[in-house]
Enquirer: 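One structure follows; several queries about it will come next.
As the structure is a prediction and not an experimental result, all values here were calculated from the model. Just so it is clear: chains get the letters A, B, ... in the order the sequence lines come, proteins before strands, and each one is counted from 1.
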Amino acid sequence: MSKGHYYLSLQKKMIFSTLQHEISAILNDLYSAEIESNAIKLEKTKDDFEGDLTLVVFPFLRISKKKPEQTAVEIGAALKDRLDSVDTYNIIKGFLNISFKESFWLQSIADEKIDSNYGYLKSDTTEKPIVLEYSSPNTNKPLHLGHVRNNLLGLSLAKVLDAAGKNVKTVNLINDRGIHICKTMLAWQKWGGGETPETAGVKGDHLIGKYYVLFDQKNKEEAAGGEENDTVLMKEAREMLIKWEENDAEVRALWQKLNDWVLAGFDDTYKRMGVEFNQLYFESQTYLSGKDIVLEGLKNGVLVQDEDQSIWIDLTNEKLDRKILLRSDGTSVYMTQDIGTAAKRMQDFNAYEMIYVVGNEQNYHFDVLKKTLIKLGFEWAENIKHFSYGMVELPEGKMKSREGTVVDADELMDEMKNSAAAIAKELGKADNLSNEEADRLYEMIGQAALKYFILKVDPKKNMMFNPEESIDFNGNTGPFIQYTHARINSLVQKAEDLGITASNWNTEIGLHDLEKDLLVLLLDLPQEIQKAADTLSPAIIANYSYDIAKAFNSMYQELSIVKEEDSAKQQNRLMLCKATQQTLTNSMALLGIELPERM
RNA sequence: GGUCUCGUAGCUCAGCUGGAUAGAGCAGCAGCCUUCUAAGCUGCGGGUCGCAGGUUCGAGUCCUGCCGGGAUCACCA
């Protein structure tokens, strides 16, 4: 299913399928062998060799019964004979490198409409949606670097899937209840002195985070090295939780007030990152769900009950373990809740597929969840996908809230912005900008730096976040791509000022190698989006964008537009610049990154 | 201990699902701004792809074993 041709854009598809078809016919002609045309593999020719596409002939030696070189010569000659678009070919060992005519490439890009929709498929909203859950924070502390990776991945995945023509719905399940909230409530009540985000002058989530830490400190003091669960404070917190569950008016009011502060704080952070959801779920409303399903499963004999009345699923035959679903006292656990919310969400959206963006430390949990749901008879659970991403590590090791090594999301974004401002001032980039324009620009650059730094890494892998490297805006970074865009913008502007305009490609003239490299790359956007959607990897888009920026800058360095004397060439070059600008805009938008006109 | 996962240049990462001489960025060194933005471009140095076997025309990529790092295996969430 994931054959090479599967990912291709219309243009590339035509090139590939035509070639495959012709090669298949040639093999039949020359060696009377029947080979399915889509079984013929073509790949991009490596940079070190001349050519556009390469056919590896080794697999055909069995049917040609000839040496690799000779087989390649025969196929190459026949191909040139049959296809007008083929310019030349060369053979190195068993590799047949095929070059197309420049006019063919120019015609290919002329046939693509490179506008703000280039590369994007229209989403079919009548299709059953893919429901994408991400973020899913606890309301007892502000968002940190780990959440940032989650949020950025979720944000980008939603855009990538949408661009690939999927109907995507995003949801956020907010963990707003439980013992951790009661701890902060208690701490605020005891030592807060009525402090609010307004009086304290801090965001609500940060204020609450302070009390969560304070509770921990006070509790440690009380325990004095002993059992931290046996303190009076912990007892009070547990009592508060019980009151909460009993709907005690006073406790509920306090809980509501503090949660609202936190959620308002999250909203600011989300807005700044560009994170949005189609629907929010709150655990305070869903935490009881799942129980009915479990009891039903027990009745059906899918689940087992121990002597102490606790209910379990036995997955030892699935290479997993036994897992508890209802405690002996009849209360539910995390898994129970997840079973319930999955079923609810399935109903709410009539989902085709449900994707959970959750860190890889929960691989086992989702394995169990999925298999349990399937055993319980929910066929749709086959379409549950745990998008498991790696942890973010710091140079000094893992983030530990107790050791104060947690990187706060808001502070991080501020630092990125400040770095952008400092560098811009040093380089004199902002001299002609108003204060507001400059401020917007620094924010845009800071965001790009952070987002790109995190999204360019394969999501499955653990990644290292080095603060010093993250504020380096040279090389393979978001600001580098933004800079490329700003350069093009300025260039196009300049050309227009000089009366140089272009709205069509001249397909019958020559192309410089540097122009052709860029042009061919631009034609890849649709297939890169498909690939990113299929593999759920924004990193593919990031690396592709970088390749474009690099190819452009190389060309920019060598070839001038305003000085070009051949006006047909000049127009093509201008067209190429505009196409590059648009392609970069479209690809970076999938990462939630905006590109400035100037910088 | 069981299961999963990762190991590519000094550092951070790519490597198109098995193809050619393994590539970028950062860091280091050397060049390029009176000419479209030098947050740029060009070049140099830097590798036993953790180790050992296997599969085949061909392995960084697939299989097995070992070494090393990480995660997970709660009547926590």
Enquirer: Could you check whether the side chain of A:Lys460 and the base of B:U5 have a donor-acceptor pair of N or O atoms closer than 3.5 Å, going by distance alone?
Expert: no
Enquirer: A:Asp338: which residues meet the salt bridge (Lys or Arg N to Asp or Glu O under 4.0 Å) condition with it, sequence neighbours left out?
Expert: none
Enquirer: Protein within reach of the bases, or only the backbone? For nucleotides 60-65 of chain B, mark each nucleotide 5' to 3' as B, S or -, using heavy atoms under 4.0 Å.
Expert: ------
Enquirer: Say we look at B:U61 and B:G18: how far apart would their C1' atoms be, to the nearest angstrom?
Expert: 7 Å
Enquirer: With a 6.0 Å cut-off (strictly less than), is the heavy-atom count around CG of A:Asp47, excluding the residue itself, greater than 12?
Expert: no
Enquirer: Decide if atom NZ of A:Lys578 counts as having more than 12 heavy atoms of other residues, nucleotides or ligands within a radius under 6.0 Å.
Expert: yes
Enquirer: Roughly how far, to the nearest 0.5 Å, is the OH atom of A:Tyr89 from the CD1 atom of A:Ile75?
Expert: 11.0 Å
Enquirer: Quickly work out the A:Phe366 CZ to B:A71 P distance and round it to whole Å.
Expert: 19 Å
Enquirer: Do A:Asn172 and A:Tyr134 have side-chain atoms, one donor and one acceptor, less than 3.5 Å apart?
Expert: no
Enquirer: For RNA chain B, what is the dot-bracket line, given that a base pair needs Watson-Crick (N1 to N3, plus N6-O4 or O6-N4) or G-U wobble (N1-O2 and O6-N3) geometry with both distances under 3.5 Å, and | means paired with another strand?
Expert: (((((((..((((.....[...)))).(((((.......))))).....(((((..]....))))))))))))....
Enquirer: Scan A:Pro59 against the nucleic acid and name what it touches under 4.0 Å (heavy atoms): base, sugar-phosphate only, or nothing.
Expert: base
Enquirer: Counting only pairs under 3.5 Å, give me each side-chain donor-acceptor contact of residues 320-327 of chain A, with atom names and distances, residues two or more places apart or in other chains.
Expert:
unit_1, atom_1, unit_2, atom_2, d
A:Arg322, NH2, A:Asp306, OD1, 3.4
A:Arg322, NH2, A:Asp306, OD2, 2.9
A:Arg327, NH1, A:Thr331, OG1, 3.1
A:Arg327, NH1, A:Ser332, O, 3.1

Enquirer: To the nearest angstrom, how far is A:Lys141 atom NZ from B:A77 atom P?
Expert: 15 Å
Enquirer: So, taking the atom named CD in A:Gln493 and the one named CG in A:Leu498, what distance separates them when rounded to the nearest 0.5 Å?
Expert: 11.0 Å
Enquirer: In whole angstrom, give me the gap between the P atoms of B:C63 and B:C26.
Expert: 35 Å
Enquirer: So A:Asn432, base contact, sugar-phosphate only, or nothing? Heavy-atom distance under 4.0 Å.
Expert: nothing
Enquirer: Could you tell me how far B:A22 sits from B:U8 if I compare only their C1' atoms? Round to whole Å.
Expert: 8 Å
Enquirer: Please confirm whether the shortest side-chain N or O distance from A:Lys41 to OP1 or OP2 of B:U17 is below 4.0 Å.
Expert: no
Enquirer: Determine the contact category for A:Asp367: base if any of its heavy atoms lies under 4.0 Å from a base atom, sugar-phosphate if only primed atoms, P, OP1 or OP2 are that close, otherwise nothing.
Expert: nothing
Enquirer: Roughly how far, to the nearest 0.5 Å, is NE2 of A:His180 from CG of A:Asn140?
Expert: 5.0 Å
Enquirer: Has A:Glu50 got more than 12 heavy atoms of other residues, nucleotides or ligands less than 6.0 Å from its CD?
Expert: no
Enquirer: C1' atom, B:C36 versus B:C41: distance in rounded Å?
Expert: 14 Å
Enquirer: For a quick check of understanding: with a heavy-atom distance under 4.0 Å over all strands, which category does A:Ile471 fall into, base, sugar-phosphate or nothing?
Expert: nothing
Enquirer: Take atom P in B:G15 and the same atom in B:A38, then report the distance between them in whole Å.
Expert: 31 Å
Enquirer: Is it true that A:Arg177 and A:Glu245 make a salt bridge, defined as a side-chain N closer than 4.0 Å to a carboxylate O?
Expert: yes
Enquirer: So what does A:Asp458 touch, heavy atoms closer than 4.0 Å: a base, only the sugar-phosphate, or nothing?
Expert: sugar-phosphate
Enquirer: Looking at A:Arg177, I'd like to know whether one of its side-chain N or O atoms comes within less than 4.0 Å of OP1 or OP2 on B:A77.
Expert: no
Enquirer: So does A:Lys93 pair up with A:Glu69, basic N to acidic O under 4.0 Å?
Expert: no
Enquirer: Pick the P atom in B:G50 and in B:A9, then give their distance to the nearest Å.
Expert: 8 Å
Enquirer: Tell me, for nucleotides 23-35 of chain B in 5' to 3' order, what letter each nucleotide earns: B for a base near a protein heavy atom under 4.0 Å, S for only sugar-phosphate near one, - for neither?
Expert: -SSS--------B
Enquirer: Compare the minimum distances between each of B:G19, B:A77, B:C36 and the side chain of A:Phe58, then state the nucleotide with the smallest one.
Expert: B:G19
Enquirer: Which part of the nucleic acid does A:Asn553 contact within heavy-atom distance under 4.0 Å: base, sugar-phosphate only, or nothing?
Expert: sugar-phosphate
Enquirer: Using the P atom in both, what is the distance from B:C62 to B:U42, to the nearest Å?
Expert: 33 Å
Enquirer: Over all strands shown, is A:Ser490 touching base, sugar-phosphate only, or nothing at heavy-atom distances under 4.0 angstrom?
Expert: base
Enquirer: Hey, is A:Phe480 stacking on B:A39? Ring centres under 5.5 Å, planes under 30°.
Expert: no
Enquirer: Using heavy atoms and a sub-4.0 Å distance, could you list which residues of residues 321-334 of chain A are near RNA chain B? By number, please.
Expert: A:Asp321, A:Ile324, A:Arg327, A:Ser328, A:Val333, A:Tyr334
Enquirer: Do we count A:Tyr556 as stacking onto B:G40 if the rule is ring centres under 5.5 Å and planes under 30°?
Expert: no
Enquirer: Using atom P in both nucleotides, what's the gap between B:G7 and B:G45 to the nearest angstrom?
Expert: 27 Å
Enquirer: Would you please say whether a donor-acceptor pair under 3.5 Å links the side chains of A:Glu133 and A:Ser136?
Expert: yes
Enquirer: Touch check for A:Met599, heavy atoms < 4.0 angstrom, all strands: base, sugar-phosphate only, or nothing?
Expert: base
Enquirer: Distance check: side-chain N/O of A:Ser554 vs OP1/OP2 of B:U42, anything under 4.0 Å?
Expert: yes
Enquirer: Could you grab the distance from atom CE of A:Met588 to atom CD1 of A:Ile548, nearest 0.5 Å is fine?
Expert: 10.0 Å
Enquirer: Verify whether one side chain among A:Tyr452 and A:Asn476 offers a donor that lies under 3.5 Å from an acceptor in the other.
Expert: yes
Enquirer: Hey, can you tell me if A:Phe366 and A:Tyr356 have their rings parallel, tilted or perpendicular (30° and 60° cut-offs)?
Expert: tilted
Enquirer: Reckon A:Leu320 touches a base, only the sugar-phosphate, or nothing at all at heavy-atom distances under 4.0 Å?
Expert: nothing
Enquirer: Ignoring hydrogens and geometry beyond distance, is a side-chain donor-acceptor pair present between A:Thr71 and A:Ser64 at under 3.5 Å?
Expert: yes
Enquirer: Can you find a donor-acceptor N/O pair under 3.5 angstrom joining the side chain of A:Thr54 to the base of B:A20?
Expert: yes
Enquirer: Closest approach to the side chain of A:Thr535, judged atom by atom: which nucleotide of B:A39, B:U17, B:A77 is it?
Expert: B:U17
Enquirer: Please state whether the phosphate of B:U21, meaning OP1 or OP2, lies under 4.0 angstrom from any side-chain nitrogen or oxygen of A:Lys93.
Expert: yes
